[in-house]
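These notes are about the structure you will find just below.
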Amino acid sequence: MKKLEHNKIEKKWQKIWEEAGAFKVSNEESSQKDKFYLLEMFPYPSGKLHMGHVRNYAIGDTLARFMRRKGLDVLYPMGYDAMGLPAENAAIKGNTAPAEWTKKCIDDMVKQQKRLGLSYDWNRLINTSSPDYYRWNQWIFLKLLERGLAYRKKAAINWCPRCKTTLANEQVVSGKCWRCGSKIKVKIKKQWYFKITDYADDLLAGLDELEGWPDAVKIQQRNWIGRSEGAVIDFKIKSSKRTIPVFTTRPDTLCGSTFLLIAPTHPDIFDIARGNKEKIEDFINEAVSSSIAEKDIKEKKGIYLGVDAINPLNGKEVPVYTANFVFMEYGTGAIMSVPAHDQRDYEFARKYGLDIIEVIRPEEGGYDGKKAYEGPGKLVNSGEFNGFSSKEAIKKISRYLSSAGTGRKSVQYKLRDWLISRQRFWGTPIPVIYCEDCGIVPVNEDDLPVKLPEDVDFSDEGNPLKTSVKFNRVTCPKCGKPAKRETDTMDTFVDSSWYFLRYVNPKEKEKPFVPEDVNRWLPVNQYIGGIEHAVLHLLYSRFFTRALKDMGFVNFNEPFENLLCQGMVLKDGAKMSKSKGNIVDPGDIIKEYGADVARLFILFASPPAKDLKWSDDGVKGCYRFINKLWKLADEKSTASELIQKEDKDFELFLNRTIKGVTEDISEDLQFNTAIAKIMELVNRIKKLPAGTEIKRRGVKVAVSLLSPFAPHTAGEIWESLAKNTRLDKESWPEYDMSLIKEGKSIFELPVTVNGKLRAKITVSDTESKENLLDKAASNEKVEKFIKDSEIIKKIYIPGKIINFVIK
RNA sequence: GUCGCGGUGGCGGAAUUGGCAGACGCGCCAGGUUUAGGACCUGGUUCCUUAUGGAGUGCGAGUUCAACUCUCGCCCGCGACACCA
């Protein structure tokens, strides 16, 4: 018997596919067949593949191979998200140029991916750190700048002291840097932003149409955008012309407002304040300089500004404070505090001895003096508005305020503009020049790309880009005088916000992509990646797509039609990581058991969206299965002549399996159950007599169904069974629906008594209800349970069950 | 705290328009094969019970002839957000 030499077989088939260009796809052909754009989130090229990657690619490749055999034109590309800190750190440490270092890492990644037998169209490979790619980041930046969607402003920003760079809000996780976990500090800095907030409402509304996205991701985006409806109400400052506008979602509680709070970073704070300015300044400095992370634990603090404001509804005078828990970035940077009905205000009021007035009373319970009541109810202590429900009062009070000119409806978002400036070297240079006379001058489109220089000193603190003489020596494109180049580079999330478009025309020199081609291939039919990008990459990409649509470059709103968020790969109850020492190296598994077994196990062990618990024994199980099939296929060589033998049951089972596997893959991406069904089929094939026609047919179908999961072994077996043909070129097996329907006509019908299974009777679907009930009742086992009792009810559900209800 | 996801044998997991709980795999047990180990093959394997039988999908109620599946109330685990007014 021939031994299964997996490593040899893998090499053989990978070579055959490569030489045949089996997975190349051209933009022209796509019009003849239905297209299918399948995409995995591209990796950061660390140089080392881990199990999370393998899972991601195993899911994608299986689907890609399945779709091709179903006759679709499949675009399935791979690329590398290659900008970022590690290359720069390597440069600092090892004195290697980031470009070289990155190139080597990418080569290493490609090698490892190729060993898995992934069917990418490698001709479309992209590397975001190449000037051919990042010049289009710059081009898009200039387009956004033209439209006012890119702008520069001074604001309080998140600063990561370890990465020595600023971060966008989305990149701060619980007050820490998303990448390195350092605590974030607050700094005031002038930086570049993309105006994602212009699309807040649109991005929110678009979520409703994304039926192919997991709810978890949509909910996260919805929360992140954080739309809330309310009103802006103006409080006049006593003996001053100034007013303080506040945002509230609860205008019904206006009469319960006993003080105002404004953010410590409010630009007007010193104009408003009349108290001890030194003390106030000290307070503000402390509040601003403390890190965001500390804010979580910190108690509420504030200081009276020495002025009072006037409630526009009841004319009451209330004190104005600044407090450390009020944000300038949200609403108007000032709030009306209603301590009886807002827990935060309650705590503040208790601490500083401020008035608490109940204005909302529900049927039961309500404000009890111990904590705020935040629900709805009927108004009290609110003058002419007493007795109205919260809902009615919100309308009436809003109407009153707007007719008096002291308030207006308002919608606020939690989403803030995307800060894209990074004080790093290994990123896309922001293509602007600062001229003393002309101000901010964009680089001319013809002068793109603004390339990263090579004369850089990495040994200094701060952004290495500042050390390049070549890079910084520049003249103003407008007036020709010496000028300064922007040395900040772009957030690497800019690269990933449109890479899925570049795959369509990866080598295009004149434009980032060709709109007609992109409009044909996009949106991505199936996108696969981790859920950690729920509000980062996925939100930014949706924003870019919309902006590009508004500029007329694409004709769709949403880049990703269906999204699958794969679960993590766990071992010993934790995510595989160096620090935990629980890493399983994919390379070792491939060497020992083969790429097909690695893929098979990872798909079989768990449904794709769930976390996967790694099991060495489970891998062995899949290895056994592959070998079992291999041996079965080898049997044919011992039988000189195949015996004709009919086996209707097996034929039916075979057809059912084809149907089941097809549906599991195409409808629900249920690879685990699809594989289980193929295993069942193989178990049944084993029981068939050797050397029969039907057995050989069974093996062929099993191998054919298995091929998307285990393409090398399946290809090898098929070649030996089917006259040296290539399985990946065969169309997907069909099933005979009439046979399946016919198979249903005689079956086992379960019979229960009081819902407990007592027997199964073999019936035909043509038998009458009465006949079946008699048959069931006279069954030996059933009779035992019903003979001494009164039958209250007889239930027959055709094709499903019989149930006798007895007393 | 808010929102979301989940809880089924010793383990990973099947079963959802309500209709045979535990497919498939692992592990385990018994037998075979082998000088031995491993590998391989055959059979068994939710729990209790000698059999007949009974119990059983986190807990407690409810709807139903029938509930892993639907409703209500809890408990536990995981994840996201976290003073957003």
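Just so we're on the same page: letters track the sequence lines, and every chain starts at 1. Note that the coordinates shown come from a computational prediction; the quantities given were computed from them, not determined experimentally.
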With a 3.5 Å cut-off and sequence neighbours excluded, list the donor-acceptor pairs that the side chains of residues 529-540 of chain A form with protein atoms.
{"residue": "A:His537", "atom": "ND1", "partner": "A:Ser496", "partner atom": "O", "Å": "3.3"}
{"residue": "A:His537", "atom": "ND1", "partner": "A:Ser541", "partner atom": "OG", "Å": "3.2"}
{"residue": "A:His537", "atom": "NE2", "partner": "A:Tyr527", "partner atom": "OH", "Å": "2.6"}
{"residue": "A:Tyr540", "atom": "OH", "partner": "A:Glu170", "partner atom": "OE1", "Å": "2.8"}
{"residue": "A:Tyr540", "atom": "OH", "partner": "A:Gln171", "partner atom": "NE2", "Å": "3.3"}

Which pairs, protein N/O on one side and nucleotides 1-5 of chain B N/O on the other, fall under 3.5 Å?
none

* Structure fact -> Scanning all shown strands, the Watson-Crick or wobble mate of B:C40 with both distances under 3.5 Å is B:G32

* To do: Starting from the C-alpha separation in whole Å, work towards a yes-or-no answer on ring-ring contact (aromatic ring centres under 6.0 Å, His included) for A:Phe493 and A:Trp178.
  => CA-CA 13 Å; A:Phe493 278 103; A:Trp178 73 288; 5.2 Å; yes

* Who is the Watson-Crick or G-U wobble partner of B:U2, with both distances under 3.5 Å? -> B:A80

* Asked: Roughly how many Å is it from CZ in A:Phe348 to C1' in B:A85, rounded to a whole number?
  -> 14 Å

* For A:Ser337, which contact category applies under a 4.0 Å heavy-atom criterion: base, sugar-phosphate, or nothing? -> nothing

* Asked: Are the charged groups of A:Asp368 and A:Lys370 less than 4.0 angstrom apart, N to O?
  -> no

* Assign a letter to each nucleotide of nucleotides 25-31 of chain B from its 5' end: B, base within under 4.0 Å of a protein heavy atom; S, sugar-phosphate only; -, no contact. => SSS----

* Within residues 257-264 of chain A: residues closer than 4.0 Å to RNA chain B (heavy atoms) -> none

* To do: Could you tell me whether a side-chain N or O of A:Asp611 sits under 3.5 Å from a main-chain N or O of A:Gly567, the two making a donor and an acceptor?
  => no

* Measure the distance from CZ on A:Phe325 to P on B:A82 and round it to the nearest whole Å. => 17 Å

* Structure fact -> Rounded to whole Å, the CG-P distance (A:Leu539 to B:A80) equals 17 Å

* Between A:Arg227 and A:Glu229, is there a salt bridge with N-O shorter than 4.0 Å? -> yes

* Asked: When you check the gap from the basic side-chain N to the acidic O, do A:Lys351 and A:Glu347 get nearer than 4.0 Å?
  -> no

* Structure fact -> When rounded to whole Å, the NZ to C1' distance for the pair A:Lys760 and B:G19 reads 13 Å

* Asked: Is the charged tip of A:Lys300 near the ring of A:Phe348: under 6.0 Å from the six-membered ring centre and within 45° of its axis?
  -> no

* For the pair made of CD1 in A:Ile531 and C1' in B:G6, what is the distance, rounded to whole Å? -> 13 Å

* Structure fact -> Rounded to whole Å, the NZ-P distance (A:Lys613 to B:G6) equals 14 Å

* Asked: Across the strands shown, which category fits A:Val338 at heavy-atom distances under 4.0 angstrom: base, sugar-phosphate, nothing?
  -> nothing

* Asked: For residues 668-689 of chain A, which residue pairs qualify under salt bridge (charged side-chain N to carboxylate O under 4.0 Å, His left out), counting only residues two or more places apart or in two chains?
  -> A:Asp664-A:Lys677

* To do: Quick one: look up who B:G25 pairs with, Watson-Crick or G-U, both distances under 3.5 Å, and put none if it's unpaired.
  => B:C11

* Checking only heavy atoms, does the side chain of A:Lys300 share a donor-acceptor pair with the base of B:C83 at less than 3.5 Å? -> yes

* At under 4.0 Å between heavy atoms, what does A:Asn627 touch on the DNA or RNA strands: base, sugar-phosphate, or nothing? -> nothing

* To do: For A:Met568 and for A:Lys687, locate the closest nucleotide of RNA chain B by heavy-atom distance; then report the residue assigned to the nucleotide nearer the 5' terminus.
  => A:Lys687

* **Evaluation steps, side-chain contact (heavy atoms from CB on, under 4.5 Å), between A:Cys177 and A:Leu167** => CA-CA 8 Å; A:Cys177 173; A:Leu167 294 173; 3.8 Å; yes

* Could you check whether A:Asn672 gets within reach of a base, just the sugar-phosphate, or nothing at all, counting any heavy atom under 4.0 Å? => sugar-phosphate

* Asked: When the distance from CZ of A:Phe653 to C1' of B:A23 is rounded to whole Å, what number comes out?
  -> 10 Å

* Whole-Å C1' distance, B:A14 and B:U57 -> 12 Å

* To do: Identify whether the distance between the nearest side-chain nitrogen and carboxylate oxygen of A:Lys794 and A:Asp774 falls below 4.0 Å.
  => no

* **Result of checking A:Tyr623, A:Trp614, A:Tyr593 against A:Phe601 for ring pair (Phe, Tyr, Trp, His ring centres under 6.0 Å)** => A:Trp614

* Asked: If pairing requires Watson-Crick or G-U wobble contacts with both distances under 3.5 Å, which nucleotide is the partner of B:A55?
  -> B:U46

* Nucleotide B:C24, atom P - distance to CZ of A:Phe601 in whole Å -> 18 Å

* Structure fact -> Contact string for nucleotides 46-65 of chain B, one letter per nucleotide 5' to 3', B = base within protein heavy-atom range under 4.0 Å, S = sugar-phosphate only, - = neither, reads ------SSSS---------B

* Asked: Would a line drawn from the ring center of A:Tyr413 to the ring center of A:Tyr330 be shorter than 6.0 Å?
  -> no

